[in-house]
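What follows is a set of notes on a single structure, which appears directly below.
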Amino acid sequence: MPAANPALVRWVPRLGVWAWTFVGCVLVTGIVVTSLAAVNEIVLPLTFAAVLAVVFKPLAGVLIRHRFTPGLAAGAVVLGLLALVTGVGVATVRGVIDQADQIGASVDAALANAAGSLEVDPAALDAARDAAATAAPTIGGGLLTELVSGVGTLVGLASGLILGALIMYYLVKDGTSLRRSLVSWIDPPLREDVDGFIGDSCQILRDYGRGRTVMSAIVSVVIGVASLLLGLPLIFTIMVVNFIGGYIPYIGAFLGGGLAVVVALGNGGLGAAAVMLVVVLAANLLLENFVEPKVMGRTLNIHPLIVLVVTALGGLVGGIVGLILAVPATVIAADGVARLRARGVMAHVADRAEPTVRRILG
């Protein structure tokens, strides 16, 4: 009987360790995700508030340098952000409601243009419209039922938003001292690494927030100018949807650009829709390849496929907050794993577990 390869014998237990480690990580992640999902009305706003506190902490520092007290600077930042978000939200909702008929007319015109160009049977299109009109009362009743039954969820969300605003205030006001206190509890040999990890994580979040804001603004302005030149309606709505969608990698660009193309198709025909499609693709592709690396830096340089996967998973787990924070959370997690490997923690765990795996494998 041939002798076993020594290298293979040595690597089999280590492979078993990594396999069981992966299974354990998956189980722990599943437990954590399930627990958070059970209280997501509270946890997600709090998480978002903590991230916003990290992103806007430098703004509070600017106010403090202009002789604001820390409490007054933190209050100004939180109240200003709440006012901005509320104003944009109200303006967007009112714009959509006021222009609902115009949006519907644009969609109907887009369908008619598409049907004519693609030689779709008009009778089939009319039947689809009649079915939608017949289903409208049922859909409306179902929506009303969901709204009534969701009062408890709305109360939980409101509570989460209030707590989130308070937590953001205290993190902006006392974040530096809280960080020092946290680091002081760590064993002295690990303090530098922990403090560096916290600092790098904050910088990653700030880079991501700044980069997404700049890119969203550029895309929304470009698409807005194109809409204006094409003589399209709903320019404000198109710009707001594209700006907000810019915070959700790829998916947001698809939704915002899709709205612009549909409006162009309904009001200008296939020619205008083709021009708008080219503008949307060009704006997003140029940003991805030229602007994004310069704005965000190399700290967020991860492959687009990973971005798509983690964004989708983030949406499944955390809804809109998960969609927005999935990418920076992944980069922060990768940085943490890299630090553990650099300190030899992974190798130490594998060496400690290897004898047990050898006994299990016989």
Side-chain angles (χ1 to χ4, degrees), residues 29 32-33 35-37 39-63 73-86 88-89 156-179 182 194-217 243-249 251-252 292 295-297 299-300 302 307 310-336:
T29 303
V32 171
V33 167
S35 302
L36 293 178
V39 290
N40 60 358
E41 294 88 354
I42 302 296
V43 172
L44 294 181
L46 299 188
T47 303
F48 206 39
V51 172
L52 290 175
V54 170
V55 172
F56 287 96
K57 175 70 173 175
L59 179 58
V62 172
L63 295 178
V77 169
V78 174
L79 291 177
L81 183 61
L82 287 175
L84 177 63
V85 171
T86 302
V88 172
L157 180 60
S159 302
L161 290 175
I162 295 172
L163 289 175
L166 292 175
I167 286 181
M168 181 180 175
Y169 169 79
Y170 285 113
L171 286 176
V172 172
K173 177 176 175 288
D174 302 321
T176 303
S177 60
L178 290 173
R179 175 177 171 178
L182 176 62
V194 172
D195 189 62
F197 174 71
I198 295 174
D200 288 348
S201 300
C202 293
Q203 190 59 48
I204 287 170
L205 291 172
R206 288 167 187 157
D207 287 345
Y208 187 77
R210 182 180 64 248
R212 280 293 163 196
T213 300
V214 171
M215 291 190 297
S216 297
F243 180 77
I244 296 175
Y247 287 93
I248 305 173
I251 299 174
E292 182 174 358
V295 173
M296 292 191 177
T299 54
L300 299 181
I302 58 178
V307 172
V310 299
T311 300
L313 292 177
L316 291 175
V317 173
I320 185 65
V321 177
L323 288 171
I324 295 173
L325 299 181
V327 173
T330 301
V331 177
I332 291 172
D335 179 57

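Computed from a prediction, not measured in an experiment: that's the story for all the values here. The first residue in the sequence is number 1, and the count goes up from there.
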Nearest-0.5 Å distance, [atom1] of residue [X] to [atom2] of residue [Y]:
{"X": "Leu79", "Y": "Leu84", "atom1": "CG", "atom2": "CG", "answer": "12.5 Å"}
{"X": "Ile167", "Y": "Leu52", "atom1": "CD1", "atom2": "CG", "answer": "12.0 Å"}
{"X": "Ile244", "Y": "Ser216", "atom1": "CD1", "atom2": "OG", "answer": "9.5 Å"}
{"X": "Leu82", "Y": "Tyr169", "atom1": "CG", "atom2": "OH", "answer": "13.5 Å"}

If every non-hydrogen atom of [X] is compared with every non-hydrogen atom of [Y], which pair is closest and at what distance?
{"X": "Ala60", "Y": "Ala73", "value": "O-CB, 3.8 Å"}
{"X": "Phe56", "Y": "Val77", "value": "CB-CG1, 3.8 Å"}
{"X": "Leu171", "Y": "Ala50", "value": "CD1-CA, 3.8 Å"}
{"X": "Leu205", "Y": "Pro328", "value": "CD2-CB, 3.8 Å"}
{"X": "Lys57", "Y": "Gly175", "value": "NZ-N, 4.1 Å"}

Side-chain contact test, heavy atoms from C-beta onward, threshold under 4.5 Å: evaluate it for [X] versus [Y] and give yes or no.
{"X": "Ile332", "Y": "Phe197", "value": "yes"}
{"X": "Arg210", "Y": "Val55", "value": "no"}
{"X": "Leu182", "Y": "Ile198", "value": "yes"}
{"X": "Asp195", "Y": "Arg179", "value": "yes"}

Side-chain donor or acceptor of [X] paired with backbone N/O of [Y] under 3.5 Å:
{"X": "Lys173", "Y": "Ala74", "result": "no"}
{"X": "Arg206", "Y": "Val54", "result": "yes"}
{"X": "Ser177", "Y": "Asp174", "result": "yes"}

- Query: With Val331, which of Ile204, Val310, Asp207 fulfils side chain to side chain contact (heavy atoms under 4.5 Å, CB included)?
  - Reply: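 Option passing the side chain to side chain contact (heavy atoms under 4.5 Å, CB included) with Val331: Ile204.
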- Message: Could you check whether atom OH of Tyr247 has more than 12 heavy atoms from other residues, nucleotides or ligands sitting under 6.0 Å from it?
- Response: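 Yes.
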